[in-house]
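Working notes, beginning with the structure itself.
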Amino acid sequence: MSAVNESVQDGGTTSARLDLFRYLTADLAADYRAIMTLFTSTLLADLSASEVSEALAERGTVLSVDDVTTRCEQLERWGNLVRGIRDARVATVQDYVRSRARYQASKLGVRVHREAEAIVAAGDGAREVARELLGATAETLDRIVARMTAASDGRPVSAEALSGDVTTVFNNQRLFSDSVRDFYAYVNTVLTRYDLAGEEYQQFKRLLLDYIDLLTADVARHAPVVARRFTALEPLLDDVLAAMATLPTLADANTERLPGRTREDWEHVRGWYTGADGRSGPETLRLAADQALGQLLANTKRMLASAGTGVSRRADLLKLASWFDDADADQAHALYAAAFGAYPARHLLGGPEEPDPRDGATTSWWAATPVEVPLSLRERGDRGARGRTSSVPDPGLDRVRLLAEAQSEADARAAAVGELVAAGRLDGAQVSPAALGLLLGQLTRLLALHPQLEATARATDTDLGLTLTAAPEPTASTTLRTTDGDLTVHGLVLEVTAAGGAADGGAASPEPAEVLA
């Protein structure tokens, strides 16, 4: 039961610690960061909301006292600020209330803000490895061993100087480990990029070949020396810890002590060099360097592949994007068609099997006659013929049908011609709609050739065997009656005769203009 309670308590503590990071991504994060920067810029900052508002205004951030009060209360709930109480002499009750609401940055709030600002200010490139600290660590360990050896000979040892050397050793180790971890994290990020090419690839290649080789050489030279110093210090370690224990320190059990004050800290650092807990740090670095160089060689092989498929197209696409950015609408359409082979839909002629020969290459798909695409071609892209060969249809029946249709049309046309010829002068004649349509066609052809029609004109159609005579008379008109309605032509006297026959006395000109068709 106690274990469950401890787990719940740890979960609550973790959740409360995570709340410390909320101000970095919350709404109004800029205001929260400005307030935290103000509180962490000086030691023992104890500010009221009005003081915070005035200080922020001097830095270019304008926030009212009420807004600052709201932000500070929220930061207090997240644990970044704590309430500070200080007696103050004020003139009004409102000033007294405000003076009671003073804030200070919490310990974890200061640490979170310091790390967050460091990350924001960090660059995107590689971080140099503090490789020079390896040699400095070996020299510092030599001094510690010398101090303790002198103490064993009865000479007094300076606990302050010994503590400084111990702190230096652990700080150097932490800085070196952090810089190595950051450097290989950057290397791994770059190695996973498939588009690495050109000058960027050359720079990264020099980084790996030169810097990693230098780093590996330093580790190979100094790590054994440091490991031997730790081995020499091992019999003296209890004396070292006892000497540092004589220094004044904080008595609180929750105090975070400096590194190197416990045997576990020493064992952990010594294990990094000797591999007592598994793989040593130098061995891990060598493996990481080998892996990075192997990945670099793989990328090189990909770029130099004869097939050319391994070359990144990132630079080409960026150049194409710049062309699109500079092009107008027409140029962009032409560029898109040329780059991606995407053209507007066109109707490709199907040859003798074209359903409608009126559809051409310029006919839109929307207006063209639908073309039946075979199932195998539509779904599988296979143009091969499938199934049995179909029998060739007999065109005899179609020929008979077409001849019958043509004969029927010729008979209807001859009947219409007969009606018009029988009518002679057309004014007042009763004809069929087919005869009227035939007359309108002949009259249109005649007027197209004689638009002014100042004298009698004739139009003869030898195929139909009729002649249309039109005589202009301003006061006359010709009216034909059909079942579909009446047709009146003003200013013309119309007469239809058989081809070769002469119109009766209605012709106004003895030699009218005649058109043959």
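This chain uses plain numbering: 1 for the first residue, then up along the sequence. In what follows, every heavy atom counts, from backbone to side chain, and hydrogens, waters and symmetry copies are set aside.
- Scanning for side-chain contact (heavy atoms from CB on, under 4.5 Å) contacts around Val187 gives Phe183, Leu191, Phe204, Leu208, Ala292, with sequence neighbours left out.
- Within a 6.0 Å sphere centred on CZ of Arg33, heavy atoms belonging to other residues, nucleotides or ligands number 12 at most.
- Ion pairing between Glu54 and Arg59 fails under the 4.0 Å rule for side-chain N and carboxylate O.
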Stepwise side chain to side chain contact (heavy atoms under 4.5 Å, CB included) check, Met36 with Asn80: CA-CA 8 Å; Met36 289 303 300; Asn80 302 94; 3.8 Å; yes
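- By the neighbour-count criterion of 12 heavy atoms within 6.0 Å, atom CG of Asp27 is sparsely surrounded, having that number or fewer from other residues, nucleotides or ligands.
- Checked by atom type, the side-chain pair Thr262/Asp265 shows a donor-acceptor distance below 3.5 Å.
- Ion pairing of Arg111 with Glu115 is absent here, as no side-chain N (NZ or NE/NH1/NH2) approaches a carboxylate O to less than 4.0 Å.
- Without hydrogens or angle criteria, Ser179 side chain to Ala130 main chain gives a donor-acceptor distance under 3.5 Å.
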Verdict with supporting geometry, Tyr273 and Gln173, side chain to side chain donor-acceptor pair (under 3.5 Å): CA-CA 11 Å; Tyr273 288 95; Gln173 180 64 27; 2.6 Å; yes
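- Glu283 and Arg286 are not joined by a salt bridge, as no carboxylate oxygen comes within less than 4.0 angstrom of a charged side-chain nitrogen.
- Checking side-chain atoms of Tyr336 against main-chain N and O of Phe324 turns up no donor-acceptor pair under 3.5 Å.
- Side chains of Ser64 and Asp67: a donor on one and an acceptor on the other come within 3.5 Å.
- Annotation: Leu297, atom CG; neighbour count of heavy atoms from other residues, nucleotides and ligands within 6.0 Å is above 12.
- Contacts of Asp19 classified as side-chain contact (heavy atoms from CB on, under 4.5 Å), with partners at least two apart in sequence or in another chain: Arg22, Trp78.
- For Gln74 and Arg71, the side-chain atoms include no donor-acceptor pair closer than 3.5 Å.
- Between the side chain of Ser280 and the backbone N or O of Thr274 there is no donor-acceptor pair closer than 3.5 Å.
- Around the CD atom of Gln291, the shell of radius 6.0 Å holds no more than 12 heavy atoms that belong to other residues, nucleotides or ligands.
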